[in-house]
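To keep things clear, I will list the structure first and then write my remarks on it.
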2 protein chains.
Amino acid sequence: MNKREFKDRVYERVALVGKALASPKRVELIELLAQTERTVEWLALATGMSLANTSQHLQVLRGAQLVESRKEGLYVHYRLASPAVGALHAAVRDVAAERDAEIDRLVRSYFGDRSGLDAVDMSELVERAERGEVVVIDVRPPEEFAAAHVVGARSVPLSILDEVVATLPRDRTVVAYCRGPFCVLADEAVKRLREAGLRAVRLHGGLPEWRAAGLPVASDAA
Amino acid sequence: MNKREFKDRVYERVALVGKALASPKRVELIELLAQTERTVEWLALATGMSLANTSQHLQVLRGAQLVESRKEGLYVHYRLASPAVGALHAAVRDVAAERDAEIDRLVRSYFGDRSGLDAVDMSELVERAERGEVVVIDVRPPEEFAAAHVVGARSVPLSILDEVVATLPRDRTVVAYCRGPFCVLADEAVKRLREAGLRAVRLHGGLPEWRAAGLPVASDAA
DNA sequence: CCACCATTCAATCGAGTTCTTGATTACTCG
DNA sequence: CGAGTAATCAAGAACTCGATTGAATGGTGG
């Protein structure tokens, strides 16, 4: 095998990973799976695709070795093949967000001006948590919290936020996090907490970013 | 704009980056540009593509904001749009290498069994360099060395290696590095140095990985 | 200002992708 | 065993992508 042939074959394989990330729907599937494993049906519902189409995309991802599946009774559960895949997805998304002005424009027009709710970054949160200055809440759905969450965080899904507000401290800052930078849950939580008179900020990034940064994650026993 | 529409549009833009990485030839172009900027003609020659085809791929990359170009006289020079792009490429390549057994097979069959030449990783090199135990040589072509190299490394292109062997210390280990994990230059250098009776190992990864790790890089003034 | 050269553009063809629809498989539960 | 359900498979229509060819552009140097 000569050099040219070797390179062609290796780059061909590397490009398979790129191909897997080349479809918007597959990117979305990976982002969802970065939270926790899911069934095909759930993913189809969440992405608005037909079942068959969802299944097809998942098989492309499996072909690229980015996801794995496990059958349990009637349901097939898909999950990321390794945490490195989540980190890769975040890297692609971050490069896109950094370089592509159109994404910036879209985020602004959808989230409104986010500048009011200043976000805290992960290293800052770690420091302030050590000093006991903050309370961390996870506003994702309970099953995502159960699969993995920031150590010390309390599960407060948006649906029960209003009932829980009274139990949150008014003398400390509440830091809310959710799925990632394009997830609105934390913004919504911060907005509501502020309306209730608490000090609240969102965390830059969500659970996948936290995990990718190598910071400690806990999960509930099944 | 509703949530579904927002997601579709954002993922669409993110997938553009994936698309850019979805062709073997474009992956190769990015890897080459991770070393230093190049003209279209040089890239066409290096990849074995026609000029028009090379130009077309470069424009796809520019469309995804991964590369930039600059015209100087007759020649157009392309370069990565940001170091983050090099890091992204490395991340994609590493995930591919980790998950895809076929790549492992290809590397083995092309490099032969590499296990004889134990490689040193970057943090280990930094330690041993501080203790003065090693000499670092850069075996890439001189223009790539000029564009960026490991601080303290000496430029020893393979073409002049044999003449330079006599000037390398026999009481310290020589660490050779080149373009990256799929580059054969460092292996070849290590092999020849060992035949000459020196202690030699290669560095895990090449210059782009070194830079991506945030380790110090120097460049010659133009 | 003309000949030349690096690069890009435009048009084309074959190959590959995406999504849909309807059939099929594999498993569970009554 | 047989009805019901989650998921996959198979095949086709519309679309996109990749490489080639030949022409066009824009800058250089005689």
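All chains are named by letter (A, B, ...) in the order of the sequence lines, taking the proteins before the strands, and each is independently numbered beginning at 1.
- Distance check: B:Leu43 CG to B:Glu37 CD gives 10.5 Å after rounding to the nearest 0.5 Å.
- In this structure, A:Arg26 places its CZ atom 9 Å from C1' of C:dT18, rounding to the nearest Å.
- Computed from coordinates, the B:Tyr75 OH to D:dT28 C1' distance equals 11 Å when rounded to whole Å.
- For the pair A:Arg70 CZ and D:dA7 P, the computed distance is 12 Å after rounding to whole Å.
- Counting any heavy atom pair closer than 4.0 Å across all strands shown, A:Thr54 reaches no nucleic acid atom.
- The nearest whole Å value for the distance from the CG atom in B:Leu51 to the C1' atom in C:dC5 is 11 Å.
- An OP1 or OP2 oxygen of C:dC19 is reached within less than 4.0 angstrom by a side-chain nitrogen or oxygen of A:His57.
- Contact check, B:Ser50 against D:dA19: no side-chain N or O comes under 4.0 Å of OP1 or OP2.
- Of all non-hydrogen atoms in A:Val120 and A:Leu125, the two that sit nearest each other are CG2-N, 4.1 Å.
- B:Gln59 places a side-chain N or O within donor-acceptor distance of the main-chain N or O of B:Ser55, the cut-off being under 3.5 Å.
- Here C:dT7 presents its C1' atom at 18 Å from CZ of B:Arg38, a figure rounded to the nearest Å.
- Nearest to the side chain of A:Lys25, among D:dA19, C:dC19, C:dT7, sits C:dC19.
- For the pair B:Val164 and B:Arg154, the minimum side-chain heavy-atom distance is below 4.5 Å.
- Using a 3.5 Å distance cut-off with no hydrogens or angles, the side chains of A:Glu31 and B:Tyr11 do pair a donor with an acceptor.
- For B:Met49 and D:dT21, the CE to C1' distance is 17 Å, given to the nearest whole Å.
- For the contact set between residues 6-23 of chain A and DNA chain C, defined by any heavy atom under 4.0 Å, the members are A:Lys19, A:Ser23.
- Counting only heavy atoms from C-beta outward, the side chains of B:Val17 and A:Leu21 never approach each other to under 4.5 Å.
- Ring orientation note: the planes of A:Phe182 and B:Phe6 are nearly perpendicular, at an angle over 60° on the 30°/60° scale.
- The CG atom of A:Asn53 sits 14 Å away from the C1' atom of D:dA13 (whole-angstrom rounding).
- Nucleotide D:dT8 holds its P atom 12 Å from the NE2 atom of A:His77, rounded to whole Å.
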Subject >> Protein proximity profile, nucleotides 25-30 of chain C - base contact B, sugar-phosphate-only contact S, no contact -, cut-off 4.0 Å on heavy atoms >> reply: -SBS--
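- Counting only heavy atoms from C-beta outward, the side chains of B:Val217 and B:His149 never approach each other to under 4.5 Å.
- A:Leu74 contributes atom CG, which lies 10.0 Å from atom CD of A:Glu41 (distance to the nearest 0.5 angstrom).
- A salt bridge links B:Arg179 with B:Glu144; the closest basic N to acidic carboxylate O contact falls under 4.0 Å.
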Nucleotides 9-14 of chain C: which of its N/O atoms have a protein N/O under 3.5 Å away?
residue : atom : partner : partner atom : Å
C:dC9   : OP2  : B:Gln59 : OE1          : 2.3

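- Side-chain contact, A:Arg62 with A:Ser69: a donor N or O sits under 3.5 Å from an acceptor N or O.
- Comment: A:Lys191 does not engage A:Asp187 in a salt bridge, judged by the lack of any side-chain N to carboxylate O separation of less than 4.0 angstrom.
- Phosphate contact (OP1/OP2 of D:dT8, side-chain N/O of A:Tyr78, threshold under 4.0 Å): present.
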